2 protein chains.
Amino acid sequence: MNDDRMGAIAEYVRAHGEVRIDTLTNHFGVSRMTIHRHIERLAQQGVLRKLHGAVTAQPSSIYESLYAYRAQSEPEVKAALARAALSEITPGQAVALDDSTTATALGPLLAQAAPLSVITNSLALMQTLASVDDIALIAVGGDYAPTYNAFIGPGAEDALARLRVNVAICSASGIADGAALVQDGLVTRAKAAMLDAAERRVLLAASPKFGRIALNKLAPLSSFDAVYTDSRLADATARSLRDAGVALHIVEIS
Amino acid sequence: MNDDRMGAIAEYVRAHGEVRIDTLTNHFGVSRMTIHRHIERLAQQGVLRKLHGAVTAQPSSIYESLYAYRAQSEPEVKAALARAALSEITPGQAVALDDSTTATALGPLLAQAAPLSVITNSLALMQTLASVDDIALIAVGGDYAPTYNAFIGPGAEDALARLRVNVAICSASGIADGAALVQDGLVTRAKAAMLDAAERRVLLAASPKFGRIALNKLAPLSSFDAVYTDSRLADATARSLRDAGVALHIVEIS
DNA sequence: TGTTTGTAACATAACGGAGCGATAAATTCA
DNA sequence: TGAATTTATCGCTCCGTTATGTTACAAACA
């Protein structure tokens, strides 16, 4: 598929609410079949809903937590945050990484900090790190959640309770009232277990997450030893967070 | 790489013990660079050892347990055993699969028996099954062992102790004195934990494994509810096993 | 029932990646 | 130090994959 066009279709449909398929074929100048293939995949991912001859957008709250969607949103920001997170890691340490796509972006960079022990419940990270020499991969098992491409549930929590690491690097769905928030309850517990196992806690959060809410409270921002975000964060917000004792680090997007 | 030629090189070196690189370039009619690339990879896999201008074979006991080697040996036999194992599985059950390459061959077939819950410590199986709808994947975490492409160690054992499944399907490195044997100690414990968690235990073992020894004793053959092997097994062996109370099933290789 | 819309199957074109060789630089051995 | 060997890098070619369009047919609508 053409991912750019797929994204554009999603945008277009979200902007218009409901769109006829003919409109899409004209607008993008491709065949009807191609549009069909694209919207079929988007519907599978849960981004759109198919009607007869038209498509409608899903309520945004639903698909924003989808792995497939998150994986391709704002890759430059993720890359920048991942690079910053690398500075938190020293060769020889044990590092825990959660199932966030930002942490996934960190995977390929970890070889630079080898040797390391890496603990994760993210299947994507396992695949990336399995083949890397000098990285001891320790998997957290549990029930597989396709939505997050990760293992969660009581099994994951128990497995994490057995471990102790130098650093945990996590992300969150939103940040409000000085706390990191997560949409899914089981994911929250897994992240919390990861943080509990860590000597040092690092939060990676793209700036749009500030002010966005999610269902479950993970931990107060002040409980993190470092919080990284990008430079689009409003100055006033940054200042008030720092005043509240948050170790906020601003990363330039390159 | 050209896997056929890689295999041929491995064969050739094993047959001759030590071989000059020039000899290989002549014998295979490719450039020296290509030979270098191939033996470099084989050396990484632990199949060969590189000297200056020559390569030597590793003692066979070492590389026979390597995942990369096992993965491509006797694929038809594995496929036949996997197909047979499928008959042990009923839709709706919880199934545990170990890190054996035979179980890996079973992966793509499992969709036919969906819905299922599949428990495994094999990374290859996780990748295969993650994308299958109607299969609930439950991962066993632990320390990643590149040699087996699986997760083992105390973490894996604890995780398995939490679970209870209908069927466990395992393989072994060798079979002697009426018991299934496994080369690696930690793998043995993981397999044992898997068997302990199962109501019904199934062993898959290609016929050459009978009579071959390995370091650790996994379980007596009679403790398995079914043992599948291929039709090359000597009749006398089959008879004596059956007399000893082993539920032996012979599978035709197609 | 006719028209529109969805699905399936096949052909083709484009892209990316893998394998390979040639050459040059670096390393090792004697 | 000189020769042999190994590594690194570049570019070429070939193959497989993927995206796309075309066509034909099935299903849904009105």
Side-chain angles (χ1 to χ4, degrees), chain A residues 1-13 16-58 68-69 71-72 75 107-108 111-112 124 127-128 130-134, chain B residues 1-13 16-58 68 71-72 75 108 111 127-128 130-131 133:
Chain A
M1 302 280 175
N2 182 331
D3 286 349
D4 293 347
R5 181 160 49 223
M6 292 244 310
I9 291 176
E11 286 286 316
Y12 192 93
V13 174
H16 291 69
E18 172 167 339
V19 181
R20 304 242 84 217
I21 288 184
D22 293 348
T23 315
L24 291 174
T25 62
N26 292 334
H27 191 270
F28 292 98
V30 294
S31 76
R32 192 163 52 99
M33 193 65 228
T34 301
I35 294 293
H36 269 292
R37 278 189 273 249
H38 286 181
I39 62 177
E40 187 199 338
R41 178 173 294 192
L42 287 167
Q44 275 181 2
Q45 295 178 357
V47 180
L48 305 178
R49 247 179 307 198
K50 282 168 56 175
L51 312 180
H52 218 75
V55 287
T56 65
Q58 286 279 22
Y69 174 83
Q72 53 192 24
Q112 300 171 24
Q127 290 167 180
T128 307
S131 57
V132 181
D133 292 342
D134 301 325
Chain B
M1 302 279 177
N2 181 330
D3 287 348
D4 294 346
R5 180 160 48 222
M6 292 244 309
I9 291 176
E11 287 284 317
Y12 191 93
V13 174
H16 293 69
E18 173 167 340
V19 181
R20 302 243 84 215
I21 288 185
D22 293 347
T23 314
L24 291 174
T25 64
N26 291 334
H27 190 269
F28 291 98
V30 294
S31 77
R32 191 167 45 223
M33 193 64 232
T34 301
I35 294 293
H36 269 294
R37 277 190 273 250
H38 287 182
I39 62 177
E40 187 198 338
R41 178 174 293 193
L42 288 167
Q44 273 182 1
Q45 294 178 356
V47 180
L48 305 178
R49 245 179 309 199
K50 282 168 56 174
L51 312 180
H52 219 75
V55 286
T56 65
Q58 287 279 21
Q72 52 192 25
Q127 290 167 181
T128 306
S131 57
D133 291 341

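Please read all numbers here as calculations on a predicted model, not as lab measurements. To find a chain, count down the sequence lines: A is the first, B the second, and so on, and within it residues start at 1.
- Summarising the geometry, atom CD belonging to A:E18 is positioned 10.5 Å from atom CZ belonging to A:R49; distances are rounded to the nearest 0.5 Å.
- Looking at heavy atoms from C-beta onward, A:I9 lies out of side-chain contact with A:V19 at the 4.5 angstrom threshold.
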Could you run down the sub-3.5 Å N/O contacts of the protein with nucleotides 25-30 of chain C?
none

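- Between atom CD1 of residue A:I35 and atom CD1 of residue A:I21 there is a gap of 8.0 Å, rounded to the nearest 0.5 Å.
- The side chain to side chain donor-acceptor pair (under 3.5 Å) test applied to B:S31 returns B:T34, not counting sequence neighbours.
- Rounding to the nearest 0.5 Å places OG1 of B:T25 at 11.0 Å from CZ of B:R20.
- Contact of the A:L24 side chain with the A:V55 side chain is registered, since non-hydrogen atoms from C-beta on lie closer than 4.5 Å.
- Applying the ring-ring contact (aromatic ring centres under 6.0 Å, His included) test to residues at least two apart or on different chains, the pairs with a partner in residues 19-57 of chain B are B:Y12-B:H27.
- For B:K50 and D:dT7, the shortest distance from a side-chain N or O to OP1 or OP2 is below 4.0 Å.
- Only at 4.0 angstrom or more do the heavy atoms of residues 20-28 of chain B sit from any atom of DNA chain C, so none qualifies.
- Residues from residues 30-38 of chain A lying near DNA chain C, meaning a heavy-atom separation below 4.0 Å, are A:R32, A:M33, A:H36 in numerical order.
- Note on A:I39: nothing from the nucleic acid sits closer than 4.0 angstrom, heavy atoms only.
- Atom CD of residue A:Q127 and atom CD of residue B:Q127 lie 4.0 Å apart, to the nearest 0.5 angstrom.
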